[in-house]
Amino acid sequence: MSEHDAALTIKSLSYRYKSNWAGPSKPALKDVTLTVERGEIFGFLGQSGSGKTTTIKCILNLLNITQGTIQIFSIPHTQHDARARVGYLPERPYFYDHLRVRELLEMYGRLSGIPSTKLTERIDTALEQVSLNDNMKAPLHSLSKGQTQRVAMAQAIVSRPELLILDEPFSGLDPLGRKQFKDLLFDFKKKGTSVFLSSHILEDIQNLCDHVSIMSEGTIKRTLSLRELSNSSSGSFELILQKKSSEKYEGKETALPGDSRVSLVYENEQIAQRELQKALAHDDVVEAYHVLHPTLEELFVETVKGSDA
Amino acid sequence: MRKFIPIAQNTYRESLRSKVLYSLLLFAALLVGASIFFGSVTIGDQVKVIKDFGLFAISLFTVTYIIISGASLFHKEISRKTLHTLLARPVSRWEFLFGKFAGLLLTASVMLLLMSLGLTLLSIAFEGTLSIPLLMCFYSIFLELIIICAAVIFFSSIVVTPMLIGLFTFSLYLAGRSASLLLYLIDNEFVTGFGASILKGIYAALPHLEMLNTVNEAVYNVPQSATHLAWSTLYAGGYALVLLLLSRIAFESREFS
Ligand SMILES: Nc1ncnc2c1ncn2[C@@H]1O[C@H](COP(=O)(O)OP(=O)(O)OP(=O)(O)O)[C@@H](O)[C@H]1O
Ligand SMILES: [Mg+2]
């Protein structure tokens, strides 16, 4: 496997929608470059309108790119063979009203080239993976938003693609559904599937992805490894107390839910330690004392705001 | 190339599960029913009236179906973005286009078959024999449907709005049915010189649907010659193929945002 044998490589991609009656368009993508390695989960973050969906449509050859290159497993993205290895979940998915879930998956399966002898088994597996077994016979128009999202995931995975391209896969799902989808993505990762997913729900990304790119106004502002993020320190310390005494503490205090619970944050480790000792000496209960890691949210806000300035 | 089949099947299935098809079939049945009534009060041959009316109804309703259903064929897939999940698969745009064409033609053909069966039974009931020119006329209508289906696909690939697609297809149908009017203008020297050359060009480009209109032969029980059948088959097939290939060129570079 050569160094360039990544799941997805985008180099210097720029894209501009055609001007319409509303006037000339500004570029939707400017010089986007990113690499999704094999077997990793890659998060593509950005505010609304930052160009996530546009990038995905370029990858899938739905938009004609004039600048830059896109390769899927080192195959140019315009080729059939490239798309044969991809599973795609669109944002706000919608399917044919006249079909049942199973009929839809049959059609998609055949279009993905699944041999007819394996079709039933593949569909059963996909339905099971998204926990939709009971809805196989339901017409698609009768499904709820979350169920439709599950169908969307099922059609993306039914052909067992090597690269999953998911545009906001968690939208419309309840917490249980989100958990199931995350577990599913971890399972795929274990089997070597690469995942490229867009989202602006940072909690979903934080403990799921290996790498994330943060996009703003059509350009990638920052790409980082989430392992580095959790290993790095923000230099702050947090002390969480349940106050029993009337003792006063230093530090940035925030009230927490519950009886007189507070969070105290310190930039200085010595002061933090001192206040910790003080709490232990008094009647106040120390719930937690720990180093604060920078959160993805903080990083995101910092990155996106920084670009506005 | 085989991947056009699931797309055609899906198009066909959608039609079978929509109401448009059945309403049109019902209308056609009503019209033929009316023709029996009119036939009985007309002096002369009742069966001629029934055949004339029936063939008119069949052609009208199948073409209407293709225009109504065909005009929104692409638009629905594009606006609901179901097209995106199709084209994200290893499916070529040509396979999509041809699948849509095949599905539409299949539906129209099934409609034609059902209505033809009805009219044939009716004519047997009145005449006592099976009329071969009538069957030949059904075949001519089928050839006409091939061209109209290809036309609606062609306009779908270059225009976005269903209204316009329907309008253009219908205009092409009307123009094709009266193309010889242009020849009349030229032959009687109403138009001469450069204007005549342009009209000749337009005449050549329009589908010669009059050649496929064999209602008179069916009504008067005159069989079509083998050469006419062969020639019209080749003509319809060729014309549709050219339209589809042009659609392919236009569709290949379209963007779906
Ligand atoms: N069809 C279109 N024509 C013109 N401009 C468009 C079109 N689609 C998107 N845009 C513009 O391109 C930019 C990027 O849009 P895009 O849909 O890629 O954003 P996104 O990151 O996916 O946003 P969201 O998180 O809301 O889905 C936006 O400014 C949008 O207005
Ligand atoms: Mg989007």
Side-chain angles (χ1 to χ4, degrees), chain A residues 15-18 20 25 28 53-54 56-66 75 77-100 103-104 106-114 116 119 139-141 151-152 155-156 158-159 161 165 167, chain B residues 1-22 69 72-100 102-104 106-107 157-158 160-161 249-257:
Chain A
Y15 183 82
R16 179 194 281 271
Y17 284 101
K18 295 213 171 55
N20 55 18
S25 61
T53 301
T54 306
I56 288 177
K57 283 179 182 165
C58 288
I59 299 172
L60 296 169
N61 200 29
L62 294 167
L63 298 176
N64 303 332
I65 64 170
T66 47
I75 307 167
H77 77 297
T78 47
Q79 288 185 20
H80 246 77
D81 297 347
R83 267 172 292 138
R85 297 165 77 166
V86 169
Y88 164 56
L89 181 153
E91 74 176 342
R92 278 177 273 122
Y94 185 92
F95 299 108
Y96 304 90
D97 282 339
H98 67 278
L99 292 182
R100 297 170 203 286
E103 289 167 342
L104 179 85
E106 269 164 16
M107 175 179 74
Y108 281 144
R110 286 166 65 196
L111 289 176
S112 290
I114 301 176
S116 49
L119 201 53
L140 284 160
H141 64 84
V151 173
Q155 64 83 30
V158 72
S159 60
I165 297 182
D167 201 349
Chain B
M1 182 64 207
R2 265 183 341 195
K3 294 209 181 121
F4 83 88
I5 297 171
I7 292 173
Q9 234 172 24
N10 186 36
T11 310
Y12 176 64
R13 196 178 244 163
E14 179 167 16
S15 312
L16 287 195
R17 292 179 184 178
S18 86
K19 292 191 187 85
V20 183
L21 186 68
Y22 302 101
S69 148
S72 58
L73 212 53
F74 283 27
H75 185 259
K76 256 191 289 183
E77 297 250 10
I78 293 170
S79 63
R80 295 175 181 178
K81 306 201 171 173
T82 46
L83 181 68
H84 295 50
T85 39
L86 290 182
L87 294 184
R89 289 166 197 278
V91 176
S92 69
R93 295 188 176 188
W94 166 245
E95 283 166 328
F96 171 78
L97 205 129
F98 192 75
K100 283 285 167 194
L104 189 61
L106 180 65
T107 317
S157 67
I158 55 172
V160 183
T161 328
I249 295 170
F251 200 61
E252 210 69 58
S253 59
R254 237 168 98 168
E255 296 196 297
F256 303 102
S257 58

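Throughout, protein chains are lettered first and strands after them, A, B, ... in sequence-line order, and every chain is numbered starting at 1. Quick note: numbers below take in every heavy atom, side chains included, and nothing from hydrogens, waters or symmetry partners.
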Q. Minimum heavy-atom separation for A:Ala82 to A:His77, with atom names?
A. CB-CA, 4.1 Å
Q | Residue part contacting chain B, namely of A:Asp81, when any heavy atom lies under 4.5 Å | A | neither
Q: Identify which part of B:Arg80 has an atom lying under 4.5 Å from any heavy atom of chain A, answering side chain, backbone, both or neither.
A: both
Q) A:Tyr88 and A:Tyr108: ring-ring contact (aromatic ring centres under 6.0 Å, His included), yes or no, with the steps? A) CA-CA 11 Å; A:Tyr88 164 56; A:Tyr108 281 144; over 10 Å; no
Q | Contacts of type ring-ring contact (aromatic ring centres under 6.0 Å, His included), residue A:Tyr94, not counting sequence neighbours | A | none
Q) For the residue pair A:Pro161 and A:Gly87, what are the closest heavy atoms and their distance? A) CB-N, 3.3 Å
Q: For residues A:Ala84 and B:Pro90, report the shortest heavy-atom separation together with the two atoms involved.
A: CA-CG, 3.7 Å
Q: Walk me through it: do A:Tyr15 and A:Lys57 pass the test side-chain contact (heavy atoms from CB on, under 4.5 Å)?
A: CA-CA 11 Å; A:Tyr15 183 82; A:Lys57 283 179 182 165; over 6 Å; no
Q | chain B contacts, top residue of A:Lys18, A:Glu103, A:Arg92 (heavy-atom pairs, under 4.5 Å) | A | A:Glu103
Q. With sequence neighbours left out, what residues match B:Phe4 under ring-ring contact (aromatic ring centres under 6.0 Å, His included)?
A. B:Phe98
**Q.** Contacting region of B:Arg2 [heavy-atom separation from chain A under 4.5 Å]
**A.** neither
Q.
Let's test your reading of the structure: which of A:Asn61, A:Leu111, A:Thr54 forms the most heavy-atom pairs below 4.5 Å with chain B?
A. A:Leu111
**Q.** Part of B:Ser18 within contact of chain A (heavy atom distance under 4.5 Å)
**A.** neither
Q. Between A:Val86, A:Leu99, A:Leu60, which residue shows the highest count of heavy-atom pairs closer than 4.5 Å to chain B?
A. A:Leu99
Q: Give the member of B:Lys76, B:Lys81, B:Arg93, B:His84 that has the highest number of heavy-atom pairs under 4.5 Å with chain A.
A: B:His84
Q: Give, as side chain, backbone, both or neither, the part of A:Gln79 having an atom under 4.5 angstrom from any heavy atom of chain B.
A: neither
